[in-house]
Amino acid sequence: MERRRQEYTANWTPDEPDWELFQDNRAIWDAVMAQCDSARTSIRLEQYIFDTTGIGRRLLDLLAAKARQGVDVRVLADGIGSRGLIDSDGGQALLRSGGRITMLNGPWDVASNPIRNVHRLHRKTLICDEAQLMVGGSCYADYMLQWRDTMIRVGGPLPPAIVAEFERTSRRAHDRRLDPHVTDARDMQEGWTYAIGGPNLHPQADLRRSLPERIAQARSSVLLTTPYLVPNRRLWRAMISAVENGAEVRILMPARSDHRLIDVLGQGFALALARRGVRIHEYTGGMIHAKLAQVDEAWSSVSSFNLDILSGSVNFESGVFSTSPALHAALRAQWDEDWGLSVPLATCGSHADRIGSDLGSRGDTLTTRGRSDG
């Protein structure tokens with residue numbers, strides 16, 4: 001039986017809700033624990049990496065305590081990034097307390113149908129009492145404690161699309177079918193908007209399309225922070241289009257991330273983009289895992305979206321888009337601090353330089369094809 005499409009607004013009212021930024025994992029985890037501890041009716045949590053020790057175990061214990069108090073606690077986690085969560089001591093304690101844990105696309109699911117179940121749940125979302133949202137890039141694993149990351153808390157009343165999308169993705173994990181998209185994307189230009197990425201979405205509602213489109217339309221400046229730089233064709237074309245429009249495009253990426261192979265590929269893409277006028281700096285203050293975008297001094301995003309092929313093509317993602325001048329100013333202040341702890345990308349003399357030359361020639365082809373495709 002065909003499922004009827006329902007749409008829910010993704011926009012906040014009033015135009016400037018209560019919000020707060022958190023810029024490192026210690027502060028982020030403290031805020032997550034505080035939000036969960038304050039919850040009175042419901043906690044819904046989406047996470048890519050939910051460790052079963054350290055911060056992960058402390059959070060599981062708190063969620064179990066809240067479930068015993070009668071709070072409706074539901075965890076939706078990635079079946080590979082958070083593998084072992086259900087069978088862990090903390091996971092079992094949460095289930096015994098009345099909480100629920102759902103895993104999306106575990107190893108067996110991927111092995112049995114790799115095309116259908118390739119999508120990863122890369123979101124990092126916390127919804128408490130349907131009145132408070134936290135979203136951004138932070139996972140729950142102690143080895144990430146010292147990482148520079150960003151999450152934003154936004155108060156309610158929350159747009160109905162936030163809870164509706166959690167329910168939609170949970171149903172996908174249970175019955176392997178995905179309802180039509182739930183986000184009404186008719187007004188994503190002004191104010192505050194909850195943005196999602198994933199399969200079976202309206203193009204305007206899909207973070208994987210709307211973020212590159214916003215970058216491509218830039219006229220003066222684009223500031224991007226990403227832990228991994230392996231863009232797909234849509235992201236590549238967007239950044240090149242912004243440069244050709246006369247915008248200054250700057251990318252901040254880690255000098256060394258937690259994935260050495262991705263670093264080599266990322267260096268190659270960075271060099272290829274630098275040859276086309278993109279300014280790229282490497283952050284030297286440790287691992288930077290934030291996923292941020294600022295366009296034309298007027299538009300900002302905080303999300304789980306990396307500038308890579310997985311986020312750009314297959315992952316479930318989430319974030320907040322905003323035209324708030326106050327948010328833009330706060331993010332810009334952090335950007336300037338991060339940029340001050342970075343050095344310009346080295347442009348020659350490495351294996352990545354050879355990769356960059358090859359990617360550059362391929363990028364020219366992609367950009368040309370992109371124009372012919374419209």
Over 12 non-hydrogen atoms of neighbours within 6.0 angstrom of CZ in R219
yes
For R256, does the CZ atom sit with more than 12 other heavy atoms under 6.0 Å from it, leaving out its own atoms?
no
Mind checking the [atom1]-[atom2] spacing from [X] to [Y]? Nearest 0.5 Å is all I need.
X: H289; Y: M144; atom1: NE2; atom2: CE; value: 5.5 Å
X: S342; Y: R250; atom1: OG; atom2: CZ; value: 9.0 Å
X: Q47; Y: S304; atom1: CD; atom2: OG; value: 9.5 Å
X: Y143; Y: T53; atom1: OH; atom2: OG1; value: 10.5 Å
X: I240; Y: L273; atom1: CD1; atom2: CG; value: 5.5 Å
X: R44; Y: F166; atom1: CZ; atom2: CZ; value: 6.5 Å

Which residues end up grouped with I288 if you chain together Ile, Leu, Val, Met, Phe, Trp and Tyr wherever their side-chain heavy atoms are less than 4.5 Å apart?
L223, L252, Y283, W335, W339, L341
Apart from L261 itself, what residues make up its hydrophobic cluster when side-chain heavy atoms of I, L, V, M, F, W and Y under 4.5 Å apart count as a link, directly or indirectly?
none
My understanding is that only residues two or more places apart in sequence, or in another chain, count here; which of them pass side chain to side chain donor-acceptor pair (under 3.5 Å) with [X]?
X: T52; answer: none
X: S88; answer: none
X: R234; answer: none
X: Q146; answer: none

State whether the side chain of R172 and the backbone N or O of R168 hold a donor-acceptor pair below 3.5 Å, judged by distance alone.
no
Taking S82 for its side chain and L85 for its backbone only, find out whether a donor-acceptor pair lies under 3.5 Å.
no
Show every donor-acceptor pair shorter than 3.5 Å between a side-chain atom in residues 63-70 and any protein atom, with sequence neighbours excluded, or say none if there are none.
from: K66; atom 1: NZ; to: D37; atom 2: O; distance (Å): 2.9
from: K66; atom 1: NZ; to: A39; atom 2: O; distance (Å): 3.1
from: K66; atom 1: NZ; to: Q69; atom 2: OE1; distance (Å): 3.0
from: R68; atom 1: NH1; to: S97; atom 2: OG; distance (Å): 3.0

Say whether [X] and [Y], considering side chains only, have a donor N or O and an acceptor N or O under 3.5 Å apart.
X: Q334; Y: D338; result: yes
X: E248; Y: S221; result: no
X: S322; Y: S300; result: no
X: T226; Y: N306; result: no
X: T150; Y: R148; result: yes
X: S138; Y: D149; result: no

Between [X] and [Y], which heavy-atom pair has the shortest distance, and what is it?
X: L60; Y: G91; result: CD1-N, 3.8 Å
X: V295; Y: H328; result: N-CE1, 4.3 Å
X: D263; Y: S257; result: OD1-OG, 2.6 Å
X: I280; Y: A270; result: CD1-O, 3.1 Å

State, yes or no, whether a side-chain contact exists between [X] and [Y] at a heavy-atom distance under 4.5 Å.
X: D258; Y: W147; answer: yes
X: I86; Y: T102; answer: no
X: W29; Y: L145; answer: yes
X: L307; Y: L229; answer: yes
X: F269; Y: I251; answer: no
X: Q35; Y: L126; answer: yes
X: D18; Y: R153; answer: yes
X: L121; Y: L76; answer: yes

Please identify each residue that fulfils side chain to side chain contact (heavy atoms under 4.5 Å, CB included) with V243, with sequence neighbours left out.
V249, V278
Pairing residues for P159 by the side chain to side chain contact (heavy atoms under 4.5 Å, CB included) criterion, not counting sequence neighbours
W12, I162
Any ring pair (Phe, Tyr, Trp, His ring centres under 6.0 Å) involving residues 45-98? Give me the pairs, sequence neighbours left out, ordered by first then second residue.
Y48-H122, F50-Y140
Between W299 and F321, ring centroids under 6.0 Å
yes
Please identify each residue that fulfils ring-ring contact (aromatic ring centres under 6.0 Å, His included) with Y228, with sequence neighbours left out.
H259
Tell me, please, which residues at least two apart from D72 pass salt bridge (Lys or Arg N to Asp or Glu O under 4.0 Å).
R100
